[in-house]
Amino acid sequence: MRFLHGFAGVGRVLLWQLGVVVACGMAAFVVGGWGAATSAAIGGLIAFIPNAFFALFWSCFHESKGARHVLHAFYVGEALKLALTGVLFFLAFQFREIEHLPLFVGFVVTLGVFWFALLQRTLND
């Protein structure tokens, strides 16, 4: 993740999210088979892909000149991230084979990595 050279913490969170996607898929496979595993992994990817996109987008603006430009870039990146999340959910629901509960569990658990990292950083400061 060379593009995140100044964001070691962000790169770490993204790697943890990928690990959680794999772990959710494996746990869902044990509990419910291939359909559940695929759905859980897709749910995790729906959380991971927009976060990776935002990190890439933000890396283009982090050394910007001026607070107004940085704030604008943050809001644009966050709006694009939310729109991408919506599009990915829409696409996922186009497949009849998708199991909804594993999909949402994979999404929430993968998204939880980000929130846990923020909580851990707050407690460590």
Side-chain angles (χ1 to χ4, degrees):
M1 298 191 153
R2 174 166 268 203
F3 66 89
L4 293 172
H5 66 280
F7 295 97
V10 173
R12 197 171 320 124
V13 170
L14 290 174
L15 287 176
W16 271 101
Q17 281 186 327
L18 274 179
V20 167
V21 169
V22 172
C24 280
M26 290 178 5
F29 175 73
V30 169
V31 172
W34 281 111
T38 304
S39 298
I42 289 171
L45 288 174
I46 290 173
F48 171 77
I49 291 170
N51 284 334
F53 169 78
F54 181 79
L56 179 62
F57 180 82
W58 185 250
S59 70
C60 296
F61 291 100
H62 79 280
E63 293 179 359
S64 216
K65 297 180 172 103
R68 177 170 282 155
H69 185 68
V70 171
L71 187 62
H72 178 73
F74 177 81
Y75 283 128
V76 168
E78 190 65 29
L80 291 172
K81 180 177 126 176
L82 291 173
L84 181 57
T85 302
V87 167
L88 291 174
F89 267 118
F90 174 79
L91 291 174
F93 288 134
Q94 299 307 305
F95 297 98
R96 294 187 193 273
E97 300 84 23
I98 290 292
E99 297 178 26
H100 296 116
L101 183 61
L103 179 92
F104 285 119
V105 168
F107 176 77
V108 169
V109 171
T110 303
L111 199 59
V113 170
F114 176 73
W115 293 107
F116 181 74
L118 285 177
L119 177 65
Q120 182 182 14
R121 182 169 180 170
T122 302
L123 294 176
N124 288 338
D125 286 346

Compile the donor-acceptor pairs under 3.5 Å between side chains in residues 13-33 and protein atoms, sequence neighbours left out, one pair per line.
| unit_1 | atom_1 | unit_2 | atom_2 | d |
| --- | --- | --- | --- | --- |
| Q17 | OE1 | N51 | ND2 | 3.4 |
| Q17 | NE2 | T110 | O | 3.2 |

In one Ile/Leu/Val/Met/Phe/Trp/Tyr side-chain cluster, 4.5 Å: V108, I42: yes
Verify same cluster id: F89, L91 (apolar side-chain graph, 4.5 Å): no
Check: F48 ring centroid to F107 ring centroid under 6.0 Å: no
Joint hydrophobic cluster, V87 plus L56, side-chain heavy atoms closer than 4.5 Å: no
Heavy-atom pair of closest approach, residues G35 and E99: C-OE2, 3.4 Å
F90 with L80, same ILVMFWY side-chain cluster at under 4.5 Å: no
Lys NZ or Arg CZ of K81 over F74 ring: under 6.0 Å, within 45°: no
Listed partners of L84 passing side chain to side chain contact (heavy atoms under 4.5 Å, CB included), at least two apart: I49, P50, F53, L88
Flag side-chain contact, heavy atom, 4.5 Å: I46 against L103: yes
Transitive ILVMFWY cluster of L82, excluding itself - 4.5 Å side-chain cut-off: none
Single-linkage hydrophobic cluster F95~F104, side-chain heavy atoms < 4.5 angstrom: yes
I98 to A92 - nearest heavy-atom pair and separation: CG1-O, 3.2 Å
